[in-house]
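By convention in this document, chain letters (A, B, ...) are assigned in the order of the sequence lines, proteins followed by strands, and residues within each chain are numbered from 1. As the structure is a computational prediction, the values presented were derived from the model and not from experiment.
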Protein chains: 2
Amino acid sequence: MDDKNISQAVIARLPRYYRYLGDLKDNGIERISSQDLSKLMKVTASQIRQDFNNFCGFGQQGYGYNVEYLYNEIAKILGLNEKHNLVIVGAGNLGQALANYMNFERRGFLIKGIFDNNPGLCGKDVRGIGVQHVDKLEEFIKKNDVDIAVLTIPKEGAVKTAEVLVKCGVKAIWNFAHVDLNVPDNIVVENVHLSDSLMKLSYGIVNKKQ
Amino acid sequence: MDDKNISQAVIARLPRYYRYLGDLKDNGIERISSQDLSKLMKVTASQIRQDFNNFCGFGQQGYGYNVEYLYNEIAKILGLNEKHNLVIVGAGNLGQALANYMNFERRGFLIKGIFDNNPGLCGKDVRGIGVQHVDKLEEFIKKNDVDIAVLTIPKEGAVKTAEVLVKCGVKAIWNFAHVDLNVPDNIVVENVHLSDSLMKLSYGIVNKKQ
DNA sequence: AACATATTGACAATCATTTAACAGAATTGT
DNA sequence: ACAATTCTGTTAAATGATTGTCAATATGTT
C-alpha cells in the first residue's frame with residue numbers, strides 16, 4: 001500500500017463511490033467512464049479521476065473504469081475485505097437499534113457483545129446476544145479480539161468509558177455520545193453527532209434561499 | 001439577517017461551538033477569549049475569530065466574547081429559537097430509537113407523529129405516540145404544520161417516499177436511508193449515512209499511522 | 001488620567017481542494 | 001490497418017479554507 005497522506009475529503013467520498021459502484025454492478029454494468037459516473041453522482045468528472053488517482057490509476061484510457069474491479073479495490077482501501085469484531089457499549093434504544101440492523105454484519109462488522117451498566121438490562125436478549133454488565137467488558141474484549149467499540153451511552157460517562165475501552169485495547173471507537181473523546185492519537189474515533197446534524201438541518205431551513 | 005453565503009465548513013462547526021459554549025455557561029463562565037476557547041476546543045484562535053466574524057462581530061477587543069450572548073446568537077443562527085414539528089417515517093428500530101430520544105424535544109424539535117407502511121406496526125405506542133399508516137401522512141403533515149420529516153426506512157422505498165414528503169410540503173428531510181434523495185433545490189436534505197461513517201472508521205483502522 | 005495589557009476584526013499569506021485543460025494511450029469503426 | 005473517437009492520468013489554474021500578523025480598541029491598573 002503506498003500510504004501517502006490522502007486527504008480526508010477524498011476518504012469521505014469513497015463510501016459514496018462504493019455505493020454507486022455496487023448499484024452499477026448489481027445492474028450488470030461492466031464499465032463506466034468518469035463522465036458517465038459524474039452525471040450519475042452529480043460531481044465533476046475531474047474530481048472522480050483525481051480521487052481514484054490517489055490510489056494509482058484504476059482506469060484505462062479509451063475504456064474507462066471496470067466497475068467490478070474498481071468496486072473491489074475501493075473495498076480493499078476501506079478495509080472492507082477484513083472482518084472486524086465489535087462490541088456495543090450502551091444497550092439503550094440506539095444501541096439496540098444498531099444491534100438489530102443486520103447490514104453491518106454483511107459488510108464484515110460482527111457484533112460480538114452488548115454491554116450496559118444498568119443491571120436491569122443485563123441478560124436481556126438482543127438478536128441472540130445477551131446484554132452483559134460493563135464489568136465484563138475488559139475480559140471480553142481481550143478474549144474475543146474486538147477492535148471496534150460502538151459507544152452509545154449518554155455523554156456523562158462517555159469520556160471515562162472511552163478511556164477504559166482504550167485501555168482494553170480497542171483500535172477504534174464509533175462514538176454516538178455527544179461529547180468529544182479524549183484518546184491517544186493512534187486510536188481511531190469516528191463521531192456521529194446526531195444533534196449536530198439536526199442543527200445543520202435546522203440552519204438550512206431558517207436560511208433557505210427559496 | 002445578512003445572509004451572504006457562509007461556507008458549509010463554518011456552519012458545520014457551529015454546533016460544536018454551541019456545545020462548548022453551553023458547557024461553559026453551565027459552569028458559570030461569563031466571558032471567554034478566542035485563545036482560551038481555542039485551547040479548550042483544540043482549534044486555532046484565528047479560526048474561531050474568523051468563524052464568528054461571518055456573523056458580524058460578537059466579540060469585543062480587550063474583553064473577548066460574552067459566553068451567554070454568543071451562545072444565544074449561535075442558537076438564533078442555527079434556528080434553535082424556533083420550534084420545529086417533525087414526523088418520523090419508518091417505525092423500525094432506528095425510528096423508534098430516535099422517537100425515544102428525548103433530547104431533541106428539549107431543543108425544540110417536537111415529534112408529532114410516527115408512520116410506517118407495515119400494518120403490523122400501526123397502533124403500536126412509541127412514547128405516547130401511536131404509529132400510523134403512511135396513508136395518513138399527507139393529511140397529517142398539512143394539518144399539523146410539520147416542516148421536518150425523519151426518513152428511517154430501508155433504501156428501497158426512500159426515494160419515492162421523499163418525493164411524497166416533498167409533495168406534502170415538508171421543508172426538510174433528515175435522511176437515514178442509505179441512498180441519495182432526489183428532491184428540489186429548495187428542500188433541505190441532511191444525510192446521516194451510518195454505513196459511510198463506519199467505512200471511514202474502517203479505513204482509519206487499516207491505514208493507521210501507528 | 002495615563003499607561004500597560006488583552007484581545008478582537010481585518011487583511012495578507014499560506015495551504016488545500018477543486019476544476020479545467022490537454023497530451024497520450026486504448027478502443028472503435030470503416 | 002488507419003483514422004476518428006473516447007477516455008484517462010497529469011499538470012496547471014482557479015477557487016476556497018485556514019492560519020498568521022498587526023493596527024485599533026477596549027479593559028484593567030496605578
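- Atom CG of Asp51(A) is separated from atom C1' of dA16(C) by 14 Å (rounded to the nearest Å).
- Using a cutoff of 4.0 Å between basic side-chain nitrogens and carboxylate oxygens, Asp145(A) and Lys112(A) are not scored as salt-bridged.
- Within residues 58-68 of chain B, the residues approached by DNA chain C to less than 4.0 Å at the level of any non-hydrogen atom are Phe58(B), Gly59(B), Gln60(B), Gln61(B), Gly62(B), Tyr63(B), Gly64(B), Tyr65(B), in residue-number order.
- Checking the phosphate oxygens (OP1, OP2) of dG16(D), no side-chain nitrogen or oxygen of Ser7(B) falls inside 4.0 Å.
- Using a 4.0 Å cutoff on non-hydrogen atoms, the parts of residues 8-18 of chain B near DNA chain D are Arg13(B), ordered by number.
- In summary, Lys136(A) and Glu139(A) do not engage in a salt bridge, as defined by a charged side-chain N under 4.0 Å from a carboxylate O.
- Using a cut-off of 4.0 Å between Lys/Arg side-chain N and Asp/Glu carboxylate O, Glu163(B) and Lys167(B) are scored as not salt-bridged.
- Using a 4.0 Å cut-off, no side-chain N or O of Asn53(B) falls inside it from OP1 or OP2 of dT8(C).
- At least one side-chain heavy atom of Ser202(B) sits less than 4.5 Å from a side-chain heavy atom of His84(A).
- Using a 4.5 Å heavy-atom threshold, the side chains of Leu121(B) and Gln96(B) count as touching.
- Comparing Arg31(B) and Gln50(A) by the nucleotide of DNA chain D whose heavy atom lies nearest to each, the residue mapping closer to the 5' end is Gln50(A).
- Within the 4.0 angstrom heavy-atom criterion, no nucleotide atom of any strand lies near Gln35(B).
- Contacts with DNA chain D (heavy atom under 4.0 Å) in residues 39-49 of chain B: Thr44(B), Ser46(B), Gln47(B), Arg49(B), listed by number.
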Stepwise, does the ring-ring contact (aromatic ring centres under 6.0 Å, His included) test hold for Trp174(A) with Phe109(A)?
CA-CA 12 Å; Trp174(A) 200 19; Phe109(A) 298 92; 7.9 Å; no
